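Okay, so here's the structure we're looking at.
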Amino acid sequence: MNNNKNRLALEGGSPTIDNKLPSIKDKSGRQIDTKELEEVKSVLESGTLSYLYGNKVKKFEKLFAAKFGIKYAFAVSSGTAALHTAMVYLNPEPGDEIIMSPISDMGSVIPILYQLAVPVFVDIDPKTQNIDPELIESKITKRTKGIIVTHIYGNAADMNPIMKIAKKYNIFVIEDCAQAHLTMYHGRYVGTIGDMGCFSLQQSKHITTGDGGMVISHQNKQFQRDIRLCTDKGWPREKKVRDHYFLAPAYHMTELQGAVGIAQIEKYDNCINNRRKTAKMLDELIDKNESVQLICELPDTIGTYFLYCFRLNPAYFKVNIQKIVEALNKEGLPCEQGYPGNIPLYLYPVIKDKKTFGTSGWPFDMPHNENNYSYSEGLCPEAEKACEETIVLPWTEGYEDKHVYLIADAINKVIRAYEK
Ligand SMILES: *Cc1c(COP(=O)(O)O)cnc(C)c1O
């Protein structure tokens, strides 16, 4: 019996976790209840599904802005749409450069490419897995127009040095907070520190409207562009006659999503507190040593654990990381190798092979570009290593103490079995 307990499930032992863990994919790990149902019902009963004529999206925007203590919030159709809205607002010249970390969702890059700007990748600080501020300055050129700062896994990036550099070179700062709802940096919410904050409300994020996003900003018309127009075909709806001031997509949130958002925002704090409490518990329960290391939070920051990640040092293991992930999965623990996968963003075909517009290779290979852009292995060594060595666990506010004990048991069992 005892023997069987220590034997890995991968090798015929019994799995540590035999009931499915709560998941963000359904009710088991999401706080969706009668509040959402009532809000959505009232929308359907009203017959008004568009934000243009209803008040749910408008109310959701107001609540969101108030939560962050900020002036403007604009609801959109996804996190990628939120970041694209920020790019349309920034309005770079084709070929301008946007600095970012290669450890992020592809949704951080797509908006750059659609605006014909070029992503310039800066390596990460391996301790936090966020962009390393010390490496930013060397990547700045006369084409650098903006920086997208992703707060990865809900862990705050080091905003003070980033803002200092941005000010020095007059660079626009977009915070990608898709994974960092209510994350704190030096007493402020991330998303309120840079020029704009972009959030995702996709199913896996801290609060959700299924799909959706939010853009927040202190200011609306810095570039003589109204942020709302950047989400709505450049169309000033308040004018009596139809008009379109500039090229912009249509990224509206529907009233149905807005209704869900209104109900979700009440659950915001509870969600963050639960995620953090259980994550901190797991921090304590995992056997840490040279072979197993946690991701660091910077001093005076409060992370909100979109995912729970830890790092393995392959030199200390008898098997490769892929095998360890396989063993963890067999123990009943869903997890993956690396984020965003076992390679950083620039090694995916869209960037590496420039699979963009027809066969042009634009914006990377536009005729008037002065730089030759190429993206291959070795570009950001720390990011590449992190993608290989990081174990990524989905996290949810639905976890209770009993789940965390099981998760820790599964991790410690597999680590012990495979450590040299
Ligand atoms: C989820 C995510 C996005 C994109 O959001 P979608 O709603 O999926 O479009 C962008 N950046 C990061 C860091 C994300 O995690």
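Indexing begins at 1, ligand by ligand and atom by atom, following the structure's order. Values reported hereafter were calculated over all heavy atoms of this structure, with side chains retained and with hydrogens, waters and symmetry mates removed. Remember, it's a predicted structure, so these values are computed and weren't measured experimentally.
Residue, atom and distance of the protein heavy atom nearest to atom 1 (C) of ligand 1 are Lys205 NZ, 1.6 Å. When only non-hydrogen protein atoms are considered, atom 13 (C) of ligand 1 lies nearest to Asp176 OD2, 3.4 Å. The nearest heavy-atom contact from the protein to atom 3 (C) of ligand 1 is Asp105 OD2, 3.4 Å. For atom 6 (P) of ligand 1, the closest non-hydrogen atom of the protein is Gly79 N, 3.4 Å. Shortest contact from atom 9 (O) of ligand 1 to any protein heavy atom: Thr80 OG1, 2.5 Å.
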Please lay out, stage by stage, how Arg275 and Glu397 fare under the test side-chain contact (heavy atoms from CB on, under 4.5 Å).
CA-CA 5 Å; Arg275 280 173 177 258; Glu397 57 276 18; 3.0 Å; yes
Ring pair (Phe, Tyr, Trp, His ring centres under 6.0 Å) for Phe68 and Phe199? Distances and angles first, verdict last.
CA-CA 12 Å; Phe68 285 82; Phe199 295 79; 5.0 Å; yes
I would like to know whether Gln322 and Asn342 meet side-chain hydrogen bond (donor to acceptor under 3.5 Å, both in side chains); could you show each step before the answer?
CA-CA 9 Å; Gln322 215 181 331; Asn342 62 359; 6.0 Å; no
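Annotation: Gln179 places an N or O atom under 3.5 Å from an N or O atom of ligand 1; distance criterion only.
The proximity of Thr150 to ligand 1, defined as any non-hydrogen pair under 4.0 Å, is limited to the side chain.
By the side-chain hydrogen bond (donor to acceptor under 3.5 Å, both in side chains) test, Gln222 is found to be paired with Gln219, residues two or more places apart in sequence or in another chain being considered.
For His151, the closest heavy-atom approach to ligand 1 does not fall below 4.0 Å. Residue contacts with ligand 1 include Ser108, since one or more of its heavy atoms lies under 4.0 Å from the ligand.
The distance from ligand 1 to the heavy atoms of Gln202 drops below 4.0 Å at these ligand atoms: 7 (O). Close approach to Ser104 involves these atoms of ligand 1, each under 4.0 Å from a residue heavy atom: 13 (C). Of all atoms in ligand 1, listed by their number and element, those nearer than 4.0 Å to a heavy atom of Ser200 are 5 (O), 6 (P), 7 (O).
Using a 4.0 Å cut-off between charged side-chain N and carboxylate O, Glu238 and Arg228 make no salt bridge.
Counting non-hydrogen atoms of other residues, nucleotides and ligands closer than 6.0 Å to CG of Asn372 gives a total of 12 or fewer.
Between Tyr375 and Phe121, the ring-plane angle classifies as perpendicular under the 30° and 60° cut-offs. Between Tyr305 and Tyr308, the ring-plane angle classifies as parallel under the 30° and 60° cut-offs.
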